[in-house]
Number of protein chains: 2
Amino acid sequence: MKRIFLLITLLSSINSFSQTDEQVIREIYTQSLTNGKSYEWLDHLSNQIGGRLSGSLNAEKAVAYTKAELEKLGLDKVWLQSVMVPKWVRGAKEFAYIETAPSGFGTKKTTNVNICALGGSIATPAMGLKANIVEVKNFEELEVLGKENIEGKIVFYNRPMQPDVISTFEAYGGCVNQRYMGAVEAAKYGAVGVIVRSMNLRLDDLPHTGSMTYDDLPVNKRIPSAAISTNDAELLSSMLKLDKSLKFYFKQNCKQLDDVLSHNVIGEITGSEFPNEYIIVGGHLDSWDLGDGSHDDGAGVVQSMDVLRLLKESGIKPKRSIRVVLFMNEENGLRGGNKYAEVAKQKGENHIFALESDAGGFTPRGFSFDCNDASFNQILSWKPLFKPYFIHYFERGGSGADVGPLKSSTNVLAGLRPDSQRYFDHHHAANDTFEHVNKRELELGAATMTSLIYLFDKYGVNPISNDEQIKD
Amino acid sequence: MKRIFLLITLLSSINSFSQTDEQVIREIYTQSLTNGKSYEWLDHLSNQIGGRLSGSLNAEKAVAYTKAELEKLGLDKVWLQSVMVPKWVRGAKEFAYIETAPSGFGTKKTTNVNICALGGSIATPAMGLKANIVEVKNFEELEVLGKENIEGKIVFYNRPMQPDVISTFEAYGGCVNQRYMGAVEAAKYGAVGVIVRSMNLRLDDLPHTGSMTYDDLPVNKRIPSAAISTNDAELLSSMLKLDKSLKFYFKQNCKQLDDVLSHNVIGEITGSEFPNEYIIVGGHLDSWDLGDGSHDDGAGVVQSMDVLRLLKESGIKPKRSIRVVLFMNEENGLRGGNKYAEVAKQKGENHIFALESDAGGFTPRGFSFDCNDASFNQILSWKPLFKPYFIHYFERGGSGADVGPLKSSTNVLAGLRPDSQRYFDHHHAANDTFEHVNKRELELGAATMTSLIYLFDKYGVNPISNDEQIKD
Ligand SMILES: [Zn+2]
Ligand SMILES: [Zn+2]
């Protein structure tokens, strides 16, 4: 009798390896594409709430909404994790123009251009700031120009994203130091302001915001910084070629207020066999304020929420504890990601796998993994399971900002990698809106994430769970 | 000296296999992404010309425009190939409503719905057609219902595209017989008209046209056929559940005219070593009339044109003759594809490889190949060259309608396979328009096609060119 029982166990175990994973994953995709909730949730987040800058009323509405929706799912626990976040406000809309001196028999002319303050920037003086402007492509050019050519002027950073780089995130990585460090570098030479070409591969009229830092600059050295649309960057550059002495005027009204209390939103299905091994999936609940944050990162939020729902709908009872974590303040502080990791460490929670979706709601192409060799080999053995869904990208690399602080030598961090070609058309701009998210693409992403979570739950992470592998 | 020369030849040959292909392909992608013409050409085709139904003035404008643009490229030959094409015209916009009988104390009600005539359909009578309507999901249900339940009524085909099929083209394949054969099947049972749910995975208000046939139905048995938007298909279906006796009214004014003369547009770079081996790349110049045909198949047309330009810009001098072929009348007759193959056969032109782009201008994912085993193995050996461009789909399957007639036992036919998730949101509908094509995605497709053409030109096709392989 015992022998027969063992045989059945063995057969069902063989079956669960060679067949069931394929069937389970097929069921997950079917559930997501026919019965997914991600798109409906995103509709609410984007169209009923809107942009969710840290510390704003909308961010708090998003906390309340997603907590209430998670509570409807019958998870084992749903809770808020307190975290203090920075509160920066844009204030009245920015205004800017280029002013050219009279030439020949002409008169002085002004041309309005589209700008937006960078997140974290100070305001201009109340009457705005008008000064000569000097164009550079990088910090090395600043050094060559030196104080004598920069002092009292506005620095215009105009290095475009490289169009022939296939991954647009890589192209972004090659430019974003202009935005993030541009004020610190320009202030060294006495610049009075910074204008940065928007991180956008397309020529259009929309300025793209994003975070910047003053590092340890004393308050009286801080200079206002704004992004200019790519079309207006081209215009400004060509006008500067005709007239180096033109003036640039801008006025912005943003302000850094005191930190305020906010929250990460967390839901959990407690593991049936290994409740102290944690697997998390998440995105960030905050967004910039110009659009409604549909791609960045409403998509990642609703996909992560749907992962736990899809596991339940597909009849999967996790062995390990699976959490959805909706992080607050990824965009301008990473306070939520840091807080989550800090609490996890305090409690001695063993986070074996963390997955983030923060690269847009486009067609999923695969994942990027931050892990050791043994884990990566294990992951590669799962790759064929994803082939029917046109998911082929399994490479080592970065994961996501929010899950980064959970890094250990044995665990696995991963980031969903959707098609990136359109992402920076919308990123941090007024056109990051709901109508640019496709329902099927979003749902395919949620299913792809759920499938990977299912595999990590079932097989654990090498080498920690070697005993588990043998036992199974 | 001779030995040294041989050694150099050998080394450069090794180099050209292990390095140069990678460098050449990198150059092709850089050219397309920084200096591509496809988007500019598509802007003209879509926004200056518009929908290009076979036999229309717009189709002729497209012939003239693309010929003129090809002539600017410095190819060896550019010419038109005459072909007679069917001419079907839509006439005045269609009109339709659902009419429900008075119920309770209510009055008769009409609800307007969005329809469009299917390509090739006859008109309704001038006053329109009003009849009861019977909903079915497939032809088997027609048979079960039989003449007694169908005669004198309109048949409403309402089988949706299956959302859980990952390839939307496969989901389309599972539904399109309703549209193409629906009239023939319904007429057998005495139906007076056909309404077909649009082939669209999304719920929206746009009807999607497409070709239908009367096969060998005598003229007096032919019945008018139209597509209804997915939203209105859902509405009609739910109203029928309440009231089986409701009436459906529609009026359409379309007409099949006599065939007219049109043209395929062809450009050629004549091969330097094997001018009698032909490699062609193409898309179809005609489109449906509701949108501007940007995805179907303006994208394929401009990508194919850019393949020849990109080869030149990348400094490649083809050994074989490379042709771009812009086929006329793919949508409702395939006359252009058939004519091209017929002439090629007459002239004894050896077409070793034909590539079609007719699946939208979205991010390229790879190719589908129709070929023998030897050729497919050769192709698979090239797959690693495409990995840096996230091109991973190399599978056997269909190629394209226009190149199909060129099929032989030794040659290779292929179709570009872009991401398909959004394609049927636009296919054959009024929103197949320029703003839904992304410049980078279009250019990546052109580069991917050019790279494959480059490889086929360099290495030829097995087993025909075995001598060439050894010699090289
Ligand atoms: Zn983000
Ligand atoms: Zn087509």
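To find a chain, count down the sequence lines: A is the first, B the second, and so on, and within it residues start at 1.
For the atom pair CD of A/E435 and CG of A/D43, the computed distance is 11.0 Å after rounding to the nearest 0.5 Å. Atom-to-atom distance recorded for A/L73:CG and A/K312:NZ is 8.0 Å, nearest 0.5 angstrom.
Comparing B/R202, B/Q31, B/R440 by how many heavy-atom pairs each has under 4.5 Å with chain A, the most go to B/R440. Contact count against chain B (heavy-atom pairs under 4.5 Å) is highest for A/P163 among A/P163, A/A447, A/P388. In terms of heavy-atom pairs under 4.5 Å with chain B, the best-connected choice from A/R365, A/Q162, A/K439 is A/R365. Among the candidates A/Y393, A/Y29, A/F362, the residue making the largest number of heavy-atom pairs closer than 4.5 Å to chain B is A/Y393. The choice from B/V165, B/D419, B/D425 that makes the most heavy-atom pairs within less than 4.5 Å of chain A is B/D419.
Of the two parts of B/S167, the backbone and the side chain both hold a non-hydrogen atom closer than 4.5 Å to a non-hydrogen atom of chain A. With a 4.5 angstrom heavy-atom cutoff, B/N438 touches chain A via backbone and side-chain atoms both. For B/Y389, the parts lying under 4.5 angstrom from a heavy atom of chain A are both the backbone and the side chain. Within the 4.5 angstrom heavy-atom criterion, only side-chain atoms of B/R26, from C-beta onward, approach chain A. Within the 4.5 angstrom heavy-atom criterion, atoms from both the backbone and the side chain of B/F390 approach chain A.
With A/D205 as the fixed residue, the side chain to side chain donor-acceptor pair (under 3.5 Å) test singles out one of A/N114, A/N231, A/T230: A/N231.
No side-chain donor-acceptor contact under 3.5 Å links A/Q23 and A/E27. With 3.5 Å as the limit, one finds a donor-acceptor pair spanning the side chains of B/D292 and B/S294.
Nearest heavy-atom pair across B/A233 and B/I228 is CB-CG2, 4.0 Å.
Annotation: A/K387, atom NZ; neighbour count of heavy atoms from other residues, nucleotides and ligands within 6.0 Å does not exceed 12.
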